A.B. asks: 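Have a look at this one before I ask anything.
Being a predicted model, the structure only gives us computed values, none of them experimental. Naming: A, B, ... by sequence-line order, numbering from 1 per chain.
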Amino acid sequence: MGEKIISIRGLGKSFGDHEVLRKIDMEVSAGEIICIVGSSGSGKSTFLRCINKLERQSTGKILYHGKEVRDVQRDVNEYRAKVGMVFQSFNLFNNMTVLQNCMVCTRKVLHLSKEEAFDRAITHLKEVGMAPYIHAKPAQLSGGQKQRVAIARSLCMNPEVLLFDEPTSALDPEMVGEVLNVMKELATTGLTMIIVTHEMAFARDVSTRTVFMDSGYVVEDAPPSELFTNPKNQRTREFLSRYLAG
Amino acid sequence: MGINILLTADPQNSFEWMLFLTKKYYKMFLEGTWLTLYIAVLGTLLGFLLGYIIGIIQDIKTGQGDNPVRKFFVNLMKSVAGIYVEIFRDTPMIVQAMIIYYGIRQLGIDLQPVFAGILVTVLNTGAYMAETVRAGIGSIDIGQREGAWAMGMSPMKTMIYIVLPQAFKNIIPEMANTFLTNLKMTSVLNVIAVQELFMAAKTVGGNYYKYFESYLVIAVIYFALCFLFNKIFNLLEKKLKGKSDYALAVEYMDNQ
């Protein structure tokens, strides 16, 4: 396993009295593909949003290459530029074309030249098969196409880690495949990924580690070969049996 | 010339009086129109600028992680902005004009009526616009911002490059509305002796004691101006809507 990129120490999150995350510890090393599974409301999306600092944790801390990411805007911005995120609802910028979507952050955050930003955008759009659509606006694309553009957009930042928040949950069934295929391709490039998903087959086949979460706890964290065939915990077993039976 | 026949030195009915007054005082009406436009355009544009600044200030959020100095400063700015918006939205423009004009003159500053008129228009527009901008920003899905934040874009840049362009498009109709309102509201500035259209009609009407006809003349002018601008704004809106189709970039098509 590669060097440690992100260390999560005692991460907790409460919304008012409601405790969503309870003292989570996790290490993320280079090259790992971690799938987080669990039923709705188990806190997995909140956990992912905390990792990207879109939610501020109530307790605990996040270390990036051994250094704590402080809650100072500048630190958070720098950290986020290295830890990208792909959303369930795509969140492409509606006022921009596909090409502009892929260039605005490299231009305004990384301060790349126009040519560099353009080259990167085209390279990654080709990877996801969306290069012919550079002049289209998000509203003119299908869900699967939007998500592929969103992935390309995140890749343009050359992130060290890419977070996926249920990237296929908002898609029609026939579009899920095209997005999962892109993600499988990415997995072979050595990019570190943390993926919150309901796609059990994908988690089993692609992840190097599968994490099962339930009511804010990490219940089980094991290679998929173990977790899917020989789950240690009763809750994990119940969850999986419901999924795999269907 | 045909029209000259109508312009008798001795007008008999209201229509003839309108033509007579228009011909005799066309210079005054023109100057009034010009001043009305000048104040409305300048006042509205600067008012929009003010409104955007105030609207953005009111949208700034402070988190628990911010340092206390920044928090205090942001809250102070927000309070000042809030009080300003409340005062100007809750008092009539005609009263604001009197208070600002006479208030500043009492301080011993020689304030020109036109300048005071523009100032009042700016402050009034700014207050209304601030609310419009705030609503416009609020209408943009939070996901748009999160998409930018998640890639390391600062909240300010996100506002400038992602949120405002979209909010701007949404509030164009309201901005056009505000401008048309301002064009007509400049008429209240006659109370501080600005020589705009209303003042022109008042003066002209007084000369012959023909108020009805004189005000009819400026009613036509106001109507024509607003009608014209309305059409221009409609065109502008259509143009900003953009194309509904797009061209495939064939140079990047694979031969699959």
A.B. asks: Determine whether B:Met153 and A:Asn77 make a side-chain contact, defined as any pair of heavy atoms from C-beta on separated by less than 4.5 Å.
C.D. replies: no
A.B. asks: I'd like to know whether CD of A:Glu185 has more than 12 heavy-atom contacts from other residues, nucleotides or ligands below 6.0 angstrom.
C.D. replies: no
A.B. asks: How about A:Phe15: does its CZ atom have over 12 heavy atoms from other parts shown lying under 6.0 Å from it?
C.D. replies: yes
A.B. asks: Heavy atoms, side chains only, cut-off 4.5 Å: are A:Tyr133 and B:Tyr246 in contact?
C.D. replies: yes
A.B. asks: To the nearest 0.5 angstrom, please state how far the CG atom of A:Asn91 sits from the CD atom of B:Glu146.
C.D. replies: 6.5 Å
A.B. asks: Out of curiosity, B:Thr158 OG1 to A:Phe93 CZ, how far, rounded to the nearest 0.5 Å?
C.D. replies: 7.5 Å
A.B. asks: Can you say whether A:Val83 sits under 4.5 Å from chain B via the side chain, the backbone, both, or neither, judging by heavy atoms?
C.D. replies: backbone
A.B. asks: Is it the side chain or the backbone of A:Glu78 that comes within 4.5 Å of chain B heavy atoms, both, or neither?
C.D. replies: neither
A.B. asks: Does NZ in A:Lys4 sit with more than 12 non-hydrogen atoms of other residues, nucleotides or ligands closer than 6.0 Å?
C.D. replies: no
A.B. asks: Should the heavy atoms of other residues, nucleotides or ligands under 6.0 Å from CZ of B:Phe168 be counted, would the total exceed 12?
C.D. replies: no
A.B. asks: With a 4.5 angstrom heavy-atom cut-off, which part of A:Met85 approaches chain B: side chain, backbone, both or neither?
C.D. replies: both
A.B. asks: Who in residues 104-116 of chain A is close to chain B, using a strict under-4.5 Å heavy-atom cut-off?
C.D. replies: A:Val104, A:Cys105, A:Lys108, A:Val109, A:His111
A.B. asks: Give the minimum heavy-atom separation between A:Asn95 and B:Pro165, together with the two atoms involved.
C.D. replies: ND2-CB, 3.4 Å
A.B. asks: Less than 4.5 Å to any heavy atom of chain B: does that hold for the side chain of A:Arg49, its backbone, both, or neither?
C.D. replies: side chain
A.B. asks: First locate atom CD of B:Glu251, then atom CD1 of A:Ile122, and finally report the distance between them rounded to the nearest 0.5 Å.
C.D. replies: 7.5 Å
A.B. asks: Decide if atom CE of B:Met156 counts as having more than 12 heavy atoms of other residues, nucleotides or ligands within a radius under 6.0 Å.
C.D. replies: no
A.B. asks: Which atoms of A:Asn94 come close to chain B, meaning under 4.5 Å heavy atom to heavy atom: side chain ones, backbone ones, both, or neither?
C.D. replies: both
A.B. asks: Just how far is it from atom CG of A:Leu92 to atom CD of B:Gln144, taken to the nearest 0.5 Å?
C.D. replies: 8.0 Å
A.B. asks: Identify the two heavy atoms, one from B:Met151 and one from A:Met157, that lie closest to each other, and give their separation to 0.1 Å.
C.D. replies: O-CE, 3.1 Å
A.B. asks: Check A:Phe87 against B:Gly147 and note the closest heavy-atom contact, atom names and distance.
C.D. replies: CE1-CA, 3.8 Å
A.B. asks: Kindly compute the distance separating CD (A:Gln73) from CZ (B:Arg70), expressed to the nearest 0.5 Å.
C.D. replies: 7.5 Å
A.B. asks: Please give me the minimum heavy-atom distance between A:Ala131 and B:Tyr252, naming the atom from each residue.
C.D. replies: CB-CB, 3.5 Å
A.B. asks: Please report the interatomic distance CE(A:Met96) to OH(B:Tyr161), rounded to the nearest 0.5 Å.
C.D. replies: 9.5 Å
A.B. asks: Quick check on the interface: out of A:Ala81, A:Pro132, A:Cys156, A:Gly129, who has the most heavy-atom pairs with chain B under 4.5 Å?
C.D. replies: A:Pro132
